[in-house]
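Quick notes on the structure that follows.
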There are 2 protein chains.
Amino acid sequence: MAEVLKVAVDAEDDGGLLSDRIRNALTDEIASGALVAGSALEEQQLADRFGASRTPVREALRQLVVSGLVEVRGRRGLVVARMTPERIMDMFETSAEVEAMCVRLATYRMTPLERSHLIELHDASLQMVEANDVDAYDAFNREFHECIYRATHNSFLAEQAQDVRSRLSAFRRTQLRQGDRIRKSRDEHDAIMQAIAEGDGETAARRMRAHMLNAASALRRYIDDRLG
Amino acid sequence: MAEVLKVAVDAEDDGGLLSDRIRNALTDEIASGALVAGSALEEQQLADRFGASRTPVREALRQLVVSGLVEVRGRRGLVVARMTPERIMDMFETSAEVEAMCVRLATYRMTPLERSHLIELHDASLQMVEANDVDAYDAFNREFHECIYRATHNSFLAEQAQDVRSRLSAFRRTQLRQGDRIRKSRDEHDAIMQAIAEGDGETAARRMRAHMLNAASALRRYIDDRLG
DNA sequence: TTATGGATTTGTGTATACACTAATTGACAT
DNA sequence: ATGTCAATTAGTGTATACACAAATCCATAA
């Protein structure tokens, strides 16, 4: 595992800062769930794994603390941010509201080109659902939402929305594997697309909020099933 | 100037990490406008100013990059994030939408205690307006909005809202000094409070959005006056 | 056997030293 | 006089070394 990741890091060995590459690698590992919440993150150990010294590793870790993916644990080293179910639900709710806000603005502001691109994406997702290809749908889903962010024509808002979304990626993937959630997800997208087509931003926002909260509910069911 | 800031840092010399104290100091200086956008941030120079080595300074700077207050400028050192008028307006719009979202949720969720605290704060702000005390009103304003964040009972959302808000603090102060903006600001708060009292979250949200956008307009007028 | 105190160990926090890149300046040639 | 190329320099990026704090473990005593 460590070797695989090392290679992945080395692959983009060009120009970039070592600390940046380490940060990106750790971000991916946390987002993907490869590094589970609560794991201790020891500087020297990570330095060995990435073939670097403690300095860039430490820099990467402190940056991850700022972005909320890692927690400082006094002097007892850093750990992958451990989130309570309540916190996760708070994050999903926030994400739902932010996404609703974005789609409302996007509906009113998107260019015809952006609208057609979104339709294209949405149409293509149908066969992913029928193939039950979770990974492909997950990737599409990301693209779909990012397309909406951009269509707000507010780059700062787009960045904020993206940031919130990326913090939930690990959970989103989990949730998508639940039952027929993928199909329902696409149906909800369909309803949103319709509102966008009609230029009704408020409806699009309501439907988007419901869509995100449904995803949260699916995740909660999953968590409850596993824990209770 | 440098000495004053140094003292301010030393004042809270207890326990905290050097890099954290430097980061906080720099954050304050950027937020207050003492460090103007575009200023070069040289590591050794800052290290000398804070009586530290480059290591904690560098750590602080890289953290500020993540939180968006500082920009990397290739190899030519870091600079205080230079924001275009468009970007500032994007940030204000985002802030407006986020605040609207918060007040809507807060209206539906706040406890009687939270409501009474908010009313108390609002009432107290009247004499600040009449004394035309910009600093006091600025401090109150911060407290007022933070109170609303907390009343959403969503700690993650509260943090995000706070984060966006803090990035605009330098501009907000500027804007408040414009004409009779303070009085108008308080009138707008009053309208928001009324909607909250009536439990009408949607109206509170609309009024909050308008309130924030008015602040942005006041700032834009100020910018246009100075530049054009 | 258990509690207490110190020694050891482990790992963070900071400083310093070194490497490398890029920019600037000066010299030389046209 | 001006353009180009090389040398110097200034400053970032990384590594290593050292300081300090906390936690654990072992020995000793009650």
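Chain identifiers are assigned alphabetically (A, B, ...) following the order of the sequence lines, protein sequences preceding nucleic acid strands; residue numbering begins at 1 within each chain. Just so we're clear, the structure is a prediction, and the values are computed from it rather than from any experiment.
The nearest whole Å value for the distance from the CG atom in A/Leu78 to the C1' atom in C/dG11 is 11 Å. Distance, A/Leu61 CG to C/dT12 P: 9 Å, rounded to whole Å. Protein atom CD of A/Gln45 is 10 Å distant from nucleotide atom P of C/dT12, rounded to whole Å.
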- Whenever both distances are under 3.5 Å in a Watson-Crick or G-U wobble pair, mark it; put DNA chain D into dot-bracket that way, with [ ] for crossing pairs and | when the partner is on another strand. ||||||||||||||||||||||||||||||

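At least one side-chain heavy atom of B/Cys147 sits under 4.5 Å from a side-chain heavy atom of B/Leu121.
Contact annotation for B/Glu43: backbone-only contact, meaning every heavy-atom pair under 4.0 Å involves sugar-phosphate atoms and none involves a base. At the heavy-atom level, B/Glu42 lies under 4.0 Å from the strands shown only through sugar-phosphate atoms. A/Arg73 comes within 4.0 angstrom of no nucleic acid atom, judged by non-hydrogen atoms across all strands.
A salt bridge links A/Glu93 and B/Arg109; the closest N-O separation between the charged side-chain nitrogens and carboxylate oxygens is under 4.0 Å.
In this structure, the separation between CZ on B/Arg58 and CG on B/Leu78 is 8.0 Å, given to the nearest 0.5 Å. In this structure, CG on A/Leu41 lies 6.5 Å from OG on A/Ser39, to the nearest 0.5 angstrom. One distance of note links CD of A/Glu97 with CE of A/Met212; it measures 10.5 Å at 0.5 Å rounding.
In this structure A/Ser19 satisfies the side-chain contact (heavy atoms from CB on, under 4.5 Å) test together with A/Leu17, A/Pro56, A/Glu59, sequence neighbours excluded. With sequence neighbours excluded, the residues satisfying salt bridge (charged side-chain N to carboxylate O under 4.0 Å, His left out) with A/Arg165 are A/Glu99.
Both B/Thr55 and B/Gln44 lie near DNA chain D, and the one whose nearest nucleotide falls closer to the 5' end is B/Gln44.
Checking B/Arg172, B/Glu146, B/His189 one by one against B/Asn141, the side-chain hydrogen bond (donor to acceptor under 3.5 Å, both in side chains) holds for a single residue, B/His189.
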- Step-by-step side chain to side chain contact (heavy atoms under 4.5 Å, CB included) determination, B/Arg49 to B/Gln44: CA-CA 9 Å; B/Arg49 228 186 74 194; B/Gln44 186 59 55; over 6 Å; no

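Side chains of A/His153 and A/Glu114: a donor-acceptor N/O pair is present below 3.5 angstrom, by distance only.
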Show which side-chain atoms of residues 63-71 of chain B pair as donor or acceptor with protein atoms under 3.5 Å away, not counting sequence neighbours.
| from | atom 1 | to | atom 2 | distance (Å) |
| --- | --- | --- | --- | --- |
| B/Gln63 | OE1 | B/Arg23 | NE | 2.5 |
| B/Ser67 | OG | B/Gln63 | O | 3.3 |
| B/Ser67 | OG | B/Leu64 | O | 3.3 |

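With a heavy-atom cut-off of 4.0 Å to chain B, the contacted part of DNA chain D has its first and last nucleotide at D/dG11 to D/dT14.
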Table of protein N/O atoms under 3.5 Å from nucleotides 18-23 of chain C N/O atoms:
none

